[in-house]
Structures are given as structure tokens and as C-alpha cells.
Amino acid sequence: ITVSDLVDESYKRIAAVDGKVKAFLTLDEENARTSAKALDEQSGSLEKGLLYGLPIGIKDNIVTEGLRTTCASQFLSNYNPIYDATVVTKLKSAQTVTIGKLNMDEFAMGGSNENSGFHATHNPWNLDYVPGGSSGGSAAAVAAGEVYFSLGSDTGGSIRQPAAYCGIVGMKPTYGLVSRFGLVAFASSLDQIGPLTKNVEDSAYLLQAITGHDAMDSTSLNADIPDYVSALTGDVKGLRIAVPKEYLGQGIDPKVKDAVLTALKVLEGQGAIVEEVSLPHSEYAVATYYLLASSEASSNLARFDGVRYGVRSENPKNLLDLYIKSRSEGFGDEVKRRIMLGTYALSSGYYDAYYLKAQKVRTLIKQDFEQVFENYDVIIGPTAPTPAFRMGSQTDNPLTMYLNDILTIPVNLAGIPAISVPCGFADGLPIGLQIIGKALDESTVLRVAHAYE
Ligand code: GLN
């Protein structure tokens, strides 16, 4: 089998299913076929890496040189980056082939893909349901077999929640492990790029390919990178698992709870020790996150002024009018809501009451995790309180939408790694098990996920 065959299969599958799933915003067929051909022609002389020739998809907030990158915003509908994100450069040197750019909630704000400025993506398991978000296109494309794996970004759950809803594996690495250079910033202190794959082994391979220190990202860690694949020993004997009581309490769908308890039994059967713990500040996580993430977003999105990037409003009266019109026309409702919320929280009269207070609670949430990790190797709970929901069922209430993130957000606030792996179904829709680890202990997270899987 040649790389051209693989790429061909990928586009055939897209032609067959993407009219319904709608995972892609932009396809890069000509270039993909050219790179596939080039790899095939050099095949004899090339030293082939583990990801050699695999067709992949990239979330559309990760910049790709010469390939339209929109963040699913009308504002950037004409934006062609002049450089590649570090992760894209790394995957190119790993000899993968980029098939196209994947749909998302606009600027990664959302959990259903319904906030895309172009079109919604559908859940491949049931087209009437959302694929989750914001990396919904990345999850749906893998689940529907359109690409081998994809990259997403996770600020408050945007890799793990869509992975859970689409029945695949999604990992958010430790903050700073993967370079954010070329990731269009949503909330810089929370954003991380990570892999969406069909299984845990692929997740380990892909993570290995994208990690590493990058001088172009000032928050990039200079840490030793272990061999993630060799961590997949299948052995969890004596491993200590903490189950936070807050993660299986109020608001958790009983079918999700049952699936998680069954998964914990499986791990117990393999010799792990399972005990209940408490993360007492969990209840404040959603409020803390939406203040901090929106504050950072309001600042990060100031660069979209109609002058430097994307679409410029026509016939403005003056410079101020150009800013106002371009932003009013370019951004969707949810993005505007976050900018207003964040600007308010950062304004001088409210800074102490909201932004500063939220920073302090963030520290308490981080300390909750640190205390549990003094005695345990991993923390396990559901990825999301429910399976995927029906399209349109939550669009008129942003608060219920925000509550879907209650189990993923604390992990971003603490900067630690977590993975979502499939752990069963409810009414034909997948359920995700979330495994959370210590900072930079991706190996243990992957080991437990792999042993369970
Ligand atoms: N659903 C969350 C939000 O809307 C998380 C988004 C993300 O992780 N990018 O902010």
C-alpha cells in the first residue's frame, strides 16, 4: 500500500460521509496528493517514522502555511497564514499528510460546534446529536474514519469532551508540554494542543511527535520527554486511583455514573486500588473558568480590528467606525458575549471583585489536586456529565451549555494532563472516562488508559 493509496482512501471516505458529518471546513486535496506522491517516490531512500504517510486533520485554529485558517469565524474567512504552527512543522517532519482543516466552535468558544461561523458538525453515531466541542470537527472526522487522527485544542475540555461524545480517545497534555506557537490564542494560560485518536497507543505516538521545548513559545516547558509508548505496559497492579465524590454526584446522568463505576471495577480487577476523595473547590470551577477564560479572550481577540487580519468592513466613516463595524460583523454571538464578559471582569472597578478573586480560586482548585496527588497516582471520573445532546437543545441557554464543562475545566485551571477514553454507551451514544494525572505524568495517564481500554 502506498501513501497515495491512503490519501485516496481518506478523500473517498470524506466524499462519502462528510456531506452528512460536516467535519471539514477546508480540504487541501491537491497539496495532500502532491506530498503523498513525493513520499512514495522517495520511499526507497527515506527513513520512515512511525507516523509515515498517515492522513491527518488539523483543527482550524492551528495555523497552516498557505492553507486557510479561519478559527471557524467569518472574521477570518479569508485568512491564509504565512507560517506553520510548531505542531504542524513537527507533524510534517514526521511524514504525515494533512488532509484538511477541521470545524470547531468559533475561536474555540463552545462545547457543541453549533457556534461555528460556517456550519455545525454532526455526531457520526447519530446525526441529530452534537459531536461536542470545541474540537468537534477533529473528533467527528476521526470517529467517522475520514482521517487516522487529528489535532485539537483544549482550553476547558475541548479535546476531551468531543472525544467522549464521539467515542474516541482525546488527550489534553500538561500546560506547556506542547508548543502553542501558531495556535490562535483563546485563553493563553489554559490553551493546550493535543491528540484525538482511535486508541490509546496512537495517542502516545502522536503525543511523542508533537511535544518538546519550543523557543517560540515563552510558556513552553523545558522538560525531559519520556518514551510514552514504552509506558503502555498494561500493568496497573497497586496503582492508586482517587475518585472525587464531586464528580459522581449531582447533575451526573445515572447511565454515565454506572459506566464509570463499571470501568473502575475493571481497573480494580486488574489490581488497582480505588478510593473516594474530595476536591472541595470543584463547585467554583465553572465560574472561575468563565471569568478567567473570557478575560484572557477579551484581551487576545483585541488584535482582530479589521486592519491586520481577516475581513475588513466596507465603507467605514473613520478608524473607530472601522473597528466597531468589522468586529460587529465578523464575530458571532458567543464570541461577543465572552468579550463583553471579559472586558467587564477586567475593568478597573470590577477587577478585584472578579478577575483577581477568580485567580485566587484557581490556586485553591490547583491545591485540591496537589493534595489528592500526594496519596494517589491518578484521579478518575466521567469526562462529561451526560452523553452527547440533541442539536439545538441547548443553544438558547449559554449557562446550561457552560455546565457541560464542569468535569473538564478544573484540569485546565490546574494545568495538569487528562485523557478521555470510551467506557460504554447510553442509548447508542458513547460515554467517556476521564483519567487525570500529575503535571508531566502523561506516562501514567496513558498507562492506565491503555490498561483499561
Ligand atoms: N466549552 C468550553 C468553552 O466554551 C471549553 C472550550 C475549549 O476548551 N476551547 O469555553
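If you read the sequence from its start, that first residue is 1, and numbering goes on from there. In listed order, ligands and their atoms are each counted from 1. We use all heavy atoms of the structure for the numbers below, so side chains are in, but hydrogens, waters and symmetry mates are not.
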Present, as a list of atom pairs with distances to 0.1 Å, all nitrogen or oxygen contacts under 3.5 Å between ligand 1 and the protein.
residue, atom, partner, partner atom, Å
ligand 1, 1 (N), G110, O, 3.0
ligand 1, 1 (N), D405, OD1, 3.3
ligand 1, 1 (N), D405, OD2, 2.9
ligand 1, 4 (O), G110, N, 2.8
ligand 1, 4 (O), Y290, OH, 3.4
ligand 1, 4 (O), R338, NH1, 3.4
ligand 1, 4 (O), R338, NH2, 2.8
ligand 1, 8 (O), T155, N, 2.8
ligand 1, 8 (O), G156, N, 2.6
ligand 1, 8 (O), G157, N, 3.3
ligand 1, 8 (O), S158, N, 3.0
ligand 1, 8 (O), S158, OG, 2.6
ligand 1, 9 (N), A108, O, 2.8
ligand 1, 9 (N), S134, OG, 3.4
ligand 1, 9 (N), T155, OG1, 3.4
ligand 1, 9 (N), S158, OG, 2.7
ligand 1, 10 (O), Y289, OH, 2.6
ligand 1, 10 (O), R338, NH1, 2.9

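- A salt bridge (charged side-chain N to carboxylate O under 4.0 Å, His left out) check over residues 411-431, counting only residues at least two apart or in different chains, returns the pairs K255-D427.
- In this model, a donor atom of one side chain and an acceptor atom of the other lie less than 3.5 Å apart for T26 and R68.
- Ring orientation note: the planes of F75 and F304 are tilted relative to one another, at an angle of 30° to 60°.
- Judged as a salt bridge (Lys or Arg N to Asp or Glu O under 4.0 Å), and not counting sequence neighbours, K198 has no contacts.
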Scan the side chains in residues 177-186 for donor-acceptor partners under 3.5 Å anywhere in the protein, sequence neighbours excluded, and list what turns up.
residue, atom, partner, partner atom, Å
S179, OG, F181, N, 3.0
S179, OG, D214, OD2, 2.6
R180, NH2, Y175, OH, 3.2
R180, NH2, T219, OG1, 2.9

Chi angles and distances behind the side-chain hydrogen bond (donor to acceptor under 3.5 Å, both in side chains) call for D60, T70: CA-CA 6 Å; D60 210 23; T70 68; 2.5 Å; yes

